Amino acid sequence: MLLNMNKLSFVVLGCFLIFFSNAQNKNLALPTTAQLNWANAEIGVLIHFDMPVFKPDYNWRRDTAPSATIFNPTELNTDQWLKAAKAAGAKYAILVAKHCSGFSLWPTNAHEYSIKNSPWKSGKGDIVKDFINSCKKYNIKPGIYASTSANGFLQVDNPGKVLSGDKEEQKRYNEIVKQQLTELWSNYGELFEIWFDGGVLPVDQGGFDVLSLLQQYQPNAIAFQGPFGFSNNIRWVGNEEGVAPYPCWATADSTTSASGVIEIKGLHGNPNGKFWCPGEADFPLRWNSSFQGGWFWKKNEDQKIFTVDQLIEKYEKSVGRNTNMLIGIVIDDRGLVPKADMQKLEEFGEARQKLFSNKLGETKGRGSEFVIDLKKEQKVNYVIISEEIKYRERIRKYKLEGLKNNKWINISEGKSIGNKRIEKFQTNAYSKLKFTITKSADTPEIRTFECYYTNN
């Protein structure tokens, strides 16, 4: 009888542990539909065009804002911008509608420092509108960089405070920000992503309620460093080099504070974090040591462009580490993507397609072990693994092995998979590849397990 009672106790305890584990798993963060669509886009571009292009010695923190009359890109063509984005393989594009100078690329009614007072199109143009139309033409999802934290024209610095410290002036600036965001979010249709570079000033520190405005006009947009409480936030990976840390989880213990600048402890995220807040790895196409960090064009810097091999490596260390890749594109004083930059984006797009053109085998499904049978020994040097992240990130540890001469050889071990994990390894010939999940939070759901060989 005692033995039976012990067995019963063991069964009850086992059931409790299973129930407890499932309850914990059900509390893990899930992505929104917008976050799923964003992750599948993988590559975007961030387009910078502001006063430093026309006045390279201008320092917005030090100097009086340049006259709007110097802004005159006589060959401006947003179709050419989006053609460049398309060539790189980008699925979304973000236009910096207002950077730190405060000059606005649309005819804002909030103040006079905008293209309506420039000679371009006799003050009748709207670059934001042209950009949105070009996105539609090239089937690229549009986004807007909507900085509220810095404005040289209005003498405002991070995190969105007027330098004078005057409360009434701060109120007037808040109204300007509110009007400009309302214009950008209500006049140009649905946006795919909104960039809050540096976040927004919280209400309790003198800012206004950006969260409510965002939820009103663009509830489906992804928000980079968006206000705390927004459901579609994404986070920075901690550098402007296009390299995510590894492991890099889509979940985190926090997203951002209302200011958007709170430090998330550990850039890796947390596999059991309560917020789904994946990383975006941004970097300029031109070296970070270039003019204005590589984000803006300057004459005679065409040689300062990353090589195709470097761009492929950044792809592997961003998209291949469960984040999106965001490439900074410069616009020159003509209003065009320079020829050298266009060529490099085309070469990168072609190289990336070629890299993963020779698929040797694939499988998918539910479980903890997956095998690709290549029938005979073949050269392999890349593996791509993706989870069905709509069911959360479940994998915690895994190993990859190859069968050679009827013996399993360890290739690599890892932790995070998420939306996409790219494993690059030394070329070897295997007859089978085995992917084994050794630790998981729930039964793994694998969208794809693929292997490739490329001779590059």
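The model shown is predicted, which means the values in this text are computed figures rather than measured ones.
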Item to check | Residue pairs involving residues 311-336 (criterion ring pair (Phe, Tyr, Trp, His ring centres under 6.0 Å); sequence neighbours excluded) | outcome: none
Checklist entry - Which residues satisfy the salt bridge (Lys or Arg N to Asp or Glu O under 4.0 Å) test with Asp126, sequence neighbours excluded? => result none
Checklist entry - What pairs with Thr307 under side-chain hydrogen bond (donor to acceptor under 3.5 Å, both in side chains), at least two apart in sequence or on another chain? => result Gln310
Checklist entry - Are Lys121 and Asp130 ion-paired here, with the side-chain N under 4.0 Å from a carboxylate O? => result yes
Checklist outcome for this item: side chain to side chain contact (heavy atoms under 4.5 Å, CB included) filter on Pro284, not counting sequence neighbours, yields Asn288, Trp295
Checklist entry - With sequence neighbours excluded, what pairs up with Asp209 under the salt bridge (Lys or Arg N to Asp or Glu O under 4.0 Å) test? => result none
Checklist entry - In chain order, what residues pass the side chain to side chain contact (heavy atoms under 4.5 Å, CB included) check against Glu350, with sequence neighbours excluded? => result none
Next on the checklist: Ala84: which residues meet the side chain to side chain contact (heavy atoms under 4.5 Å, CB included) condition with it, sequence neighbours left out?
Outcome noted: Val337, Met342, Leu345
Checklist outcome for this item: Hits for side-chain hydrogen bond (donor to acceptor under 3.5 Å, both in side chains) against Ser101, two or more places apart or cross-chain, chain-then-number order -> Asp50
Checklist outcome for this item: Residue set satisfying side-chain hydrogen bond (donor to acceptor under 3.5 Å, both in side chains) with Thr438, at least two apart, ordered chain then number -> none
Next on the checklist: So, using salt bridge (Lys or Arg N to Asp or Glu O under 4.0 Å) as the criterion, who are the partners of Arg62 when residues are at least two apart?
Outcome noted: none
Item to check | Residues that Lys91 engages under salt bridge (Lys or Arg N to Asp or Glu O under 4.0 Å), provided they are two or more places apart | outcome: none
Next on the checklist: List the residues meeting ring pair (Phe, Tyr, Trp, His ring centres under 6.0 Å) with Phe291, not counting sequence neighbours, and say none if there are none.
Outcome noted: none
